[in-house]
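In what follows, a single structure is set out as structure tokens and then discussed.
Quick caveat, the model's predicted, so the values are computed rather than measured. Computed over heavy atoms, backbone and side chain alike; hydrogens, waters and symmetry mates excluded.
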Amino acid sequence: MKNKPVKGENNTVILLTAVCAVIVCAIIILILNGTLFNKNVDKDVSVVEEETEETTEKATEAAAEEDIDILVEPVELNEELYGYINTLNTSLRSYFDENYDSGKLLTVYGYMYDADTNMPVEAEDVYGEDMPDVLKDVNLLYIKSGDFDYIDGIDDMDIDIDITDEELSPFTSILTTEGYLISSDKYGGGILSEDDYRTLIMRYNCAHGEIYTPEEDSSTYTIIYNMIAKEWGSDYTPDIKYMGFDDKYGVAVANVLESPTEFKEYLFTKSGSSWSIKSKQLASKENVKQFVNEKCPDMDLALLPYYNLAEYNDFRSDLYGYYEDIVSFEELGVTENDLPAVYCLYSDNFLYYEFAEGKKVLGHIDDENKLTFYKVNSTDEAVAFMSSVTDNPPVFIIKFSE
């Protein structure tokens with residue numbers, strides 16, 4: 001099945017916070033439209049609102065490049081500010097500890113995001129209603145202390161940071177009259193210049209080229225398919241359910257024809273011209289966005305399929321019991337000579353069969369527990385039907401290989 005690709009994502013010196021604000025606002029637009037987190041085009045999605053996505057992309061690019069005079073007023077760096085920031089850092093740590101296990105805390109362009117709302121976490125959400133006005137322009141970051149090591153001359157700077165710490169951790173940043181004050185409950189931090197702050201934040205830039213689905217006759221598809229086939233072994237034939245790639249990262253979902261109920265979801269990274277497997281565990285992660293985000297905080301989460309395989313625990317195959325019913329409905333076009341099924345898989349009230357001569361049958365169990373079978377002529381038609389019945393259907397049950 002072929003897919004349309006998804007469109008993936010200074011005169012006056014503008015303060016970095018202003019630039020970040022523009023980018024963040026643009027990203028929020030994308031998120032609210034589902035582009036950043038969910039609505040990437042799958043190998044299993046046949047209809048895409050392409051014009052809307054292209055318009056959104058162009059608007060985003062224009063907003064990021066246009067010289068917009070949005071200024072954040074620096075605040076005075078004094079003991080009172082340090083006191084407020086310390087209180088905020090303590091509250092931020094409590095907020096982080098209380099919400100981490102939910103899987104909803106993500107870093108997007110270095111900012112702490114709530115995956116449930118697809119919005120950045122704000123200081124007032126953490127500090128409370130009595131937050132002083134001086135903190136209104138504080139940014140809540142979710143970054144690695146180790147990334148400070150990429151700032152030139154960091155060893156000679158008066159900054160309390162452990163640059164060997166590679167765990168994502170909550171930080172606060174605020175533009176002061178002396179520069180950007182960055183700190184956390186764990187690290188005293190220090191003052192960064194605009195250029196240094198930009199260097200730090202751009203470590204989390206997730207724009208790595210256009211997101212695309214490799215065509216089946218492309219070199220990328222062949223390379224990834226062969227890597228997956230090697231993982232399964234020579235006795236198995238992979239069926240690729242999904243591929244989403246940009247110029248740095250990629251995600252692929254597959255099962256095998258010989259054992260359809262077994263799924264694997266891979267995270268790939270690119271170095272130079274070579275792809276390698278970063279993780280094989282995505283299919284088992286309930287908080288898969290958080291898992292991937294922690295491994296690759298600069299990865300565009302739009303590369304992930306809209307479904308989370310870990311949420312599906314009822315897979316069934318070899319469902320011979322319905323053969324009599326299928327053959328009895330002449331409109332399905334299946335005869336005794338077509339049996340048994342070449343491929344069969346059930347999940348989440350949908351059942352997909354492929355018989356000899358490429359004959360395809362899709363079953364659906366409705367809200368009244370009634371099972372109805374439908375003839376489908378192609379994988380596109382099967383996807384379209386499933387999508388017309390319910391939002392985010394388990395299209396990965398369909399056999400995509402010829």
Side-chain angles (χ1 to χ4, degrees), residues 3 6 8 27 30-31 33-45 96 99-121 142 144 166-169 204 206 208 211-213 224 227-228 231-232 238-246 248-255 261-270 275-315 345 347-348 390-398:
N3 267 22
V6 170
I27 296 171
L30 286 174
I31 292 172
N33 282 278
T35 304
L36 190 58
F37 288 112
N38 291 310
K39 295 185 180 177
N40 54 303
V41 171
D42 292 358
K43 185 179 178 64
D44 47 33
V45 174
F96 177 81
N99 290 277
Y100 178 81
D101 288 342
S102 70
K104 73 176 186 175
L105 297 183
L106 306 171
T107 181
V108 179
Y109 277 83
Y111 294 86
M112 182 179 288
Y113 264 70
D114 184 331
D116 289 345
T117 62
N118 291 344
M119 295 292 288
V121 180
Y142 191 28
K144 297 179 179 180
E166 290 297 322
E167 297 292 326
L168 285 173
S169 182
Y204 302 86
C206 60
H208 305 299
I211 296 176
Y212 66 97
T213 295
I224 298 303
M227 292 175 70
I228 292 174
E231 285 292 313
W232 284 94
D239 186 38
I240 306 300
K241 308 298 185 178
Y242 168 85
M243 281 191 184
F245 283 75
D246 59 20
K248 186 174 181 179
Y249 295 107
V251 175
V253 176
N255 67 351
T261 61
E262 296 183 44
F263 281 85
K264 292 184 180 181
E265 184 172 359
Y266 301 87
L267 171 61
F268 296 88
T269 58
K270 189 177 185 181
W275 289 99
S276 60
I277 298 175
K278 178 77 170 179
S279 176
K280 312 170 189 178
Q281 303 174 322
L282 274 61
S284 63
K285 300 297 181 181
E286 291 186 5
N287 299 329
V288 64
K289 289 180 183 177
Q290 181 173 279
F291 175 78
V292 170
N293 194 239
E294 290 178 349
K295 279 190 169 295
C296 306
D298 67 325
M299 175 178 148
D300 190 338
L301 294 174
L303 291 170
L304 292 167
Y306 68 76
Y307 50 76
N308 184 352
L309 286 170
E311 295 178 354
Y312 298 87
N313 53 20
D314 186 11
F315 290 104
L345 188 59
S347 184
D348 200 32
T390 185
D391 293 333
N392 300 336
V395 292
F396 45 81
I397 69 169
I398 297 171

Heavy-atom side-chain proximity of [X] to [Y] below 4.5 angstrom:
X	Y	value
Y204	L168	yes
V121	N99	no
W232	K264	yes
S279	F291	yes

| field | Check against side-chain contact (heavy atoms from CB on, under 4.5 Å), V395 and Y307 | value | CA-CA 9 Å; V395 292; Y307 50 76; 4.3 Å; yes

| query | With sequence neighbours excluded, what pairs up with K285 under the salt bridge (charged side-chain N to carboxylate O under 4.0 Å, His left out) test? | reply |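 Residues passing salt bridge (charged side-chain N to carboxylate O under 4.0 Å, His left out) with K285: none at all.
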
| said: Whether the side chain of S347 engages the backbone of F315 through a donor-acceptor N/O pair (distance < 3.5 Å, no angle test) should be reported. | reply: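 Absent.
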
| message | I'd like to know if the side chain of K241 reaches the main chain of I398, judged simply by a donor and an acceptor atom lying under 3.5 Å from each other, with no hydrogens or angles considered. | response | yes

[X] and [Y]: which non-hydrogen atoms are nearest, and at how many Å?
X	Y	answer
Y142	L105	CE2-O, 3.9 Å
C296	Y249	SG-CE2, 3.5 Å
P305	V251	CD-CG1, 4.0 Å
I224	A252	CG2-CB, 4.3 Å
Y306	P393	OH-O, 2.8 Å
T107	N293	N-OD1, 2.7 Å

Could you tell me the separation between the [atom1] atom of [X] and the [atom2] atom of [Y], rounded to the nearest 0.5 Å?
X	Y	atom1	atom2	result
M299	K289	CE	NZ	11.0 Å
C206	L301	SG	CG	7.5 Å
Q290	K104	CD	NZ	11.0 Å
L303	T213	CG	OG1	9.5 Å
L345	T261	CG	OG1	7.0 Å

| Going through the distances and angles, do D298 and H208 end up as a side-chain contact (heavy atoms from CB on, under 4.5 Å)? | CA-CA 9 Å; D298 67 325; H208 305 299; 3.2 Å; yes

| So I228 and F268, side-chain contact (heavy atoms from CB on, under 4.5 Å) or not? Walk me through it. | CA-CA 11 Å; I228 292 174; F268 296 88; 4.2 Å; yes

| task | Would you please classify the geometry between the F245 ring and the W275 ring as parallel, tilted or perpendicular, with 30° and 60° separating the classes? | result | perpendicular

| query | What residue among V253, L309, N308, L304 forms side chain to side chain contact (heavy atoms under 4.5 Å, CB included) with L282? | reply |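 The residue from V253, L309, N308, L304 that satisfies side chain to side chain contact (heavy atoms under 4.5 Å, CB included) with L282 turns out to be L304.
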
| query | Could you go step by step and tell me if D314 and D348 meet the side-chain contact (heavy atoms from CB on, under 4.5 Å) rule? | reply | CA-CA 7 Å; D314 186 11; D348 200 32; over 6 Å; no

| Who pairs with K280 by side-chain hydrogen bond (donor to acceptor under 3.5 Å, both in side chains), at least two apart in sequence or on another chain? |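 Counting only residues at least two positions away or on another chain, K280 forms a side-chain hydrogen bond (donor to acceptor under 3.5 Å, both in side chains) with E231.
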
| said: Would you say the ring centers of Y312 and F263 fall short of 6.0 Å from each other? | reply: no

| query | In terms of heavy-atom contacts, does CD of E286 have more than 12 from other residues, nucleotides or ligands at under 6.0 Å? | reply |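 No, not enclosed.
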
